Amino acid sequence: MRANDGSRTAAEVLIDQLVIHGARHVFCVPGESYIAALDAMVDRPLEVTVCRQEGGACIMAEATGKLTGRPGICFVTRGPGATNASSGLHIAQQDSTPLILFVGQIAREYREREAFQELDYRAVFGSIAKWVTEIDDPARVPEIISRAFHVATSGRPGPVVIALPEDMLVERVVATDAPACEPVETSPGPADMRRLQMLLNEAQRPIALLGGSRWSNSACAAMQHFAERFLLPVATTFRRAHLFDASHPCYAGDLGIGPNPKLLARVKDADLVMLIGGRLGEMPSQSYTLFDIPGPRQTLVHVHPGAEELGRVYSPALAINATPSAFAAALEGLARPEKVAWSAATPAAHAEFIEWTAKPPQVPGAVNLGEIIAGLRDTLPAETIICNGAGNFSIWVHRFWRYRHYASQLAPIAGSMGYGVPAAIAAKRLMPERTVIAFAGDGDFLMTGQELATAMQYELPIIIVIADNGMYGTIRMHQERHYPARVIGTELKNPDFAALARAYGAFGALVEKTADFTAAFDAALASGKPAVIHLKVNPQAITPATTIDAIRKAALAAQA
Ligand SMILES: Cc1ncc(C[n+]2csc(CCOP(=O)(O)OP(=O)(O)O)c2C)c(N)n1
Ligand SMILES: [Mg+2]
């Protein structure tokens, strides 16, 4: 509160800046180091979500950044809190998500003595965050918070870490608020678009690949309109399938783990690739095999909001430093050639996608995760938000769910286990009207599953579907490939997940047959509570294409 002399505590100035810059949600685990900042949130228009572990809190903030395009806000305490939160920072970095992590810090006068829980944040987070700073002077709070919002959202978005010495937070200061931050939009120049027009005029087999962040509903709509006008096949990169409507006749599928071989062939054979927004990292590039480095055979047009990403791995024929939103809007100015050479290729690409995702194959065991997901996609609203962490279960989710809406997919490009449950909690907190489902593996769930308590506390009826195969399946798969029949460190003895859910006060159901899933799902929805559906999945069903036994057999044969 402002005193008569117009002064506020630094903590109050800080929280006022968050509100000015448009933050509406804070995810936190409290610590004595920043209780002044917590106190300043009382009676401010901020929804505070108190979590059970900082890893979950920071993922919730990251998911908020993904959903809104504005920095997710997380508050944690000194050393132990900050290090717990670091997985969320790494996700924000690899996923190009705007995020601001506030961490408590020891009093300024104790610095450098290794005081209680002291951490040198600049040293520890220097290579993860876009910017790490510590606020020493309360008068500079508006300046530093303004810069944090600009850094987190501009160019290639990413995480910012701000340390808050506890004695600084309670100092009173007369400070002027900053104006609200608007992320900088970089637009393509007329020469860029002329060159692109020429490349499109000459192309025989073009394809667009969409990825990265800084998209929006309207950018996706503009991209779709361009695809329609040019009859252009459009694919998405790893875990960015929500950028293009899967039911659209121009959609060709996604370049994820275990992608459609026909899509891979199409991208390899393309003469013009428009990579828009993404970086084409290790996963979508299929371990850097799709394009030659540094000079791809395909004519590569790379559009990215961060100038430093252009030419970083692939040297493009045409590099355009623009946000996907500004670029998609500029596509309106391109003229479609009289006759396009690829008019038969686009419907063929879409037909290949439909065929690839239509019917899940039979797998060992009584529960077929593919059939469950295909069943849900045919009944749930297109706006349903689908969340997941990491593990082989996610291969079925990405293959058999068809994402039709921007921001309906919350999945870590960084491949961090434990992502799905906290992401679902954030999504439901922000968008209570949406159906939100988190798919998790048995290993994946128990990394952050205690946030079920947070879902209960805020009455967030998310549905968590746990695919329990009794193992860290992905690693077991790699183990069998490289060290067949030498199983170690990958088996899991699990709790009764449905009973665990009920102990939290949530809905819990066990499903041991595919046919029983629908009734359990309907009951979960009807309960109006956070829900866990525990699927007993056969460990042999390791991917849609193969089994553990088959992988082992092939590896042993190769050794013989
Ligand atoms: C935080 C984190 N720790 C470890 C890993 C390595 N890892 C990737 S997948 C995986 C196993 C996932 O097991 P589970 O969730 O049960 O899914 P499954 O593969 O069995 O379907 C592990 C340990 C990771 N990606 N992230
Ligand atoms: Mg598992």
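We count ligands from 1, going down the list as the structure has it; atoms in each ligand are counted the same way. No experiment lies behind these values; they were computed from the predicted model shown.
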Q: Tell me the protein N, O or S atoms under 2.8 Å from the Mg ion (ligand 2), in chain and number order.
A: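 Those protein N, O or S atoms (cut-off: under 2.8 Å from the Mg ion (ligand 2)) are Asp442 OD1, Asn469 OD1, Met471 O.
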Contacts under 3.5 angstrom, residues 512-524 side chains, donor-acceptor by atom type, not counting sequence neighbours:
residue: Thr514; atom: OG1; partner: Ala366; partner atom: O; Å: 3.0
residue: Thr514; atom: OG1; partner: Asn368; partner atom: N; Å: 2.8

Q. Do you see a donor-acceptor pair shorter than 3.5 Å between the side chains of Arg402 and Thr357?
A. yes
Q. If you measure only the distance, is there a donor-acceptor pair under 3.5 Å linking the side chains of Asp245 and Ser247?
A. yes
Q: Mind checking the CD1-OG spacing from Ile386 to Ser394? Nearest 0.5 Å is all I need.
A: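 Nearest 0.5 Å value for the CD1-OG distance: 13.0 Å.
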Q. Quick one: OH on Tyr314 to CG on Asp292, what's the gap to the nearest 0.5 Å?
A.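 One gets 10.0 Å once the value is rounded to the nearest 0.5 Å.
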**Q.** With Lys536 via salt bridge (Lys or Arg N to Asp or Glu O under 4.0 Å) - residues at least two apart
**A.**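 Partners of Lys536 under the salt bridge (Lys or Arg N to Asp or Glu O under 4.0 Å) test: Asp468.
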Q. How are the rings of Phe75 and Phe102 set relative to one another: parallel (under 30°), tilted (30 to 60°) or perpendicular (over 60°)?
A.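 If you compare the ring of Phe75 with that of Phe102, the planes turn out parallel.
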Q: Could you please provide the protein residues found below 4.0 Å of ligand 1 on a heavy-atom basis, arranged by chain and number?
A: Ala390, Gly391, Asn392, Phe393, Gly415, Met417, Gly441, Asp442, Gly443, Asp444, Met447, Asn469, Met471, Tyr472, Gly473, Thr474, Ile475
Q) When you check the gap from the basic side-chain N to the acidic O, do Arg266 and Glu352 get nearer than 4.0 Å? A)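 Looking at Glu352 together with Arg266, the answer is yes, because their closest N to O distance falls below 4.0 Å.
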Q | Atom CD of Glu383: over 12 foreign heavy atoms under 6.0 Å | A | yes
